[in-house]
Amino acid sequence: MTIQSSDHSLIHQFNNPLTFAAMATQPTSVDFLLSCARHSRPFTADARFVADGQPKPVAVFVHGFKGFKDWGHFNLLADWFARQGFVFVKLNLSHNGLVVGGSGDLEDMEAFGRNNFSLELDDIGALLDCLHTPDQAGIPAAEMDLTRLALIGHSRGGGLVLLKAAEDARVKAVASWAAISDVNPGWSEPLMQQWQQQGVFHVENSRTKQQLPLYFQIVEDYHQNRLRLDIRHGLRRKLKGRPILILHGDQDETVPVERAYQLKEWQPAAELCILPGVTHNFGGGHPWPSTKLPAEAQQAAEATVEFLRRVL
């Protein structure tokens, strides 16, 4: 296991009380490496927290399709949650196209093409196992209260955290941000026939203009694991009584806001938060040039923290 830790508190600047007060709340960052029994590909995660020796609730953040843990404003988001009293953990899903020690952006197209939903659920499980294994993640045990563990996921990651919570009782609450309601985005029969014949289907990364391969195995995985990957079934049958926040922008151009109402219909006890004027990426983009969170992401974060403080 590789662990790197950095404390940004800079408390040696004690000669300026204002600087000391501001810097003393700067989060500690811990980077760690993960492995999963399902495959041989290493993947990375990091945690942000204010090191005060007090046990804190743990929030695990899962990125979406074509995303990664350091995308855009996600590090600012992690620091913000840490200042609100959480241990905020985010991971690169193993087959998201990034390489450990690489460029920090999508570069391994073969791995990207070999990704599927079951792999992603197993990766999240490997992270949860790591957090529950003493000294594995490099986060001091005194800083974490793992009886108060929540998952937060964006877009496809929002669907994944609902599915993972449905199969893992260690997850005490879930917040979905602009979540999908079905892992099948509506593949047509002609598309799947052509896809199966050719073995691969390409989608464009609008940001980088890369042609990203999706091998037909993702469809095979979907059919082989239909019940495990059924968000509707998970909400209706397995998440009764589990606190759930469904958060969505009403101007989402990628995952229509109707998906949020659909999720709410499947689990009426879930809390629904619709943010007016907010789009899919909550005001963010990659790279993110500012040192401040986008206003829309701040809204989402504040609503989520308010929810988690009530239910954890």
Side-chain angles (χ1 to χ4, degrees), residues 38-39 62-68 71 93-97 106 108-124 153-164 166-167 176-239 246-267 274 278-282 286:
R38 172 102 183 266
H39 57 80
V62 180
H63 66 75
F65 185 58
K66 297 182 283 189
F68 44 93
W71 185 92
L93 296 167
S94 63
H95 288 67
N96 67 353
L106 303 183
D108 189 336
M109 297 300 100
E110 182 67 16
F112 187 95
R114 298 293 176 190
N115 194 21
N116 60 54
F117 307 108
S118 295
L119 278 175
E120 293 180 326
L121 290 177
D122 291 343
D123 286 346
I124 299 169
H154 174 243
S155 193
R156 174 159 150 174
L160 289 171
V161 297
L162 291 168
L163 291 171
K164 193 63 194 177
E167 68 179 19
S176 68
W177 290 12
I180 61 172
S181 59
D182 193 332
V183 299
N184 181 344
W187 296 315
S188 67
E189 191 59 35
L191 169 63
M192 285 202 287
Q193 288 179 0
Q194 181 182 13
W195 196 351
Q196 185 172 22
Q197 290 171 359
Q198 297 180 350
V200 64
F201 171 70
H202 288 84
V203 295
E204 183 176 88
N205 185 336
S206 59
R207 176 174 59 86
T208 64
K209 306 307 178 186
Q210 294 164 298
Q211 293 297 313
L212 306 175
L214 296 175
Y215 295 112
F216 190 70
Q217 59 83 31
I218 193 173
V219 178
E220 294 172 331
D221 172 73
Y222 168 69
H223 287 301
Q224 291 166 6
N225 298 281
R226 288 290 290 269
L227 193 59
R228 187 188 189 196
L229 301 178
D230 189 335
I231 296 173
R232 178 182 178 181
H233 174 78
L235 280 168
R236 285 185 164 180
R237 302 291 184 181
K238 298 183 178 182
L239 289 173
I246 301 165
L247 188 148
H248 218 108
D250 70 356
Q251 298 301 308
D252 193 319
E253 72 286 8
T254 303
V255 180
V257 69
E258 287 74 21
R259 300 290 184 268
Y261 292 107
Q262 193 172 45
L263 295 172
K264 170 69 172 176
E265 178 184 347
W266 295 338
Q267 184 43 263
I274 305 299
V278 172
T279 55
H280 187 65
N281 286 327
F282 296 91
H286 187 82

With a 4.5 Å cut-off on side-chain heavy atoms, are [Y] and [X] touching?
{"X": "Asn281", "Y": "Trp71", "value": "yes"}
{"X": "Phe282", "Y": "Leu247", "value": "yes"}
{"X": "Leu121", "Y": "Leu160", "value": "yes"}
{"X": "Lys66", "Y": "Arg156", "value": "no"}

* Structure fact -> Taken to the nearest 0.5 Å, the spacing of Ile124 CD1 from Leu163 CG works out to 8.5 Å
* Can you tell me how far CG of Asn225 sits from CG of Asp230, rounded to the nearest 0.5 angstrom? -> 12.0 Å
* Using the test ring pair (Phe, Tyr, Trp, His ring centres under 6.0 Å), find all partners of His233 that sit at least two apart in sequence or belong to another chain. => none
* Structure fact -> Sequence neighbours excluded, the answer for ring pair (Phe, Tyr, Trp, His ring centres under 6.0 Å) partners of Phe112 is Phe65
Listing, residues 177-185 side-chain donor-acceptor contacts under 3.5 Å, not counting sequence neighbours, or none:
residue : atom : partner : partner atom : Å
Trp177  : NE1  : Thr304  : OG1          : 3.0
Ser181  : OG   : Gln262  : OE1          : 2.6
Asp182  : OD1  : Asn184  : N            : 2.9
Asn184  : OD1  : Gly186  : N            : 2.8
Asn184  : OD1  : Trp187  : N            : 3.0

* If you look only at pairs with a residue in residues 205-220, which of them pass as a side chain to side chain donor-acceptor pair (under 3.5 Å), with sequence neighbours excluded? -> Asp105-Arg207, Glu110-Tyr215, Asn116-Gln217, Glu204-Gln211, Asn205-Thr208, Thr208-Gln210
* Would you check if there is a donor-acceptor pair between the side chains of His95 and Asp123 at a distance under 3.5 Å? => no
Residues 191-200, side-chain donor-acceptor partners within the protein, below 3.5 Å, at least two apart:
residue : atom : partner : partner atom : Å
Trp195  : NE1  : Leu214  : O            : 2.9

* Applying salt bridge (charged side-chain N to carboxylate O under 4.0 Å, His left out), name anything that partners Asp122, two or more places apart in sequence or on another chain. => Arg38, Arg228
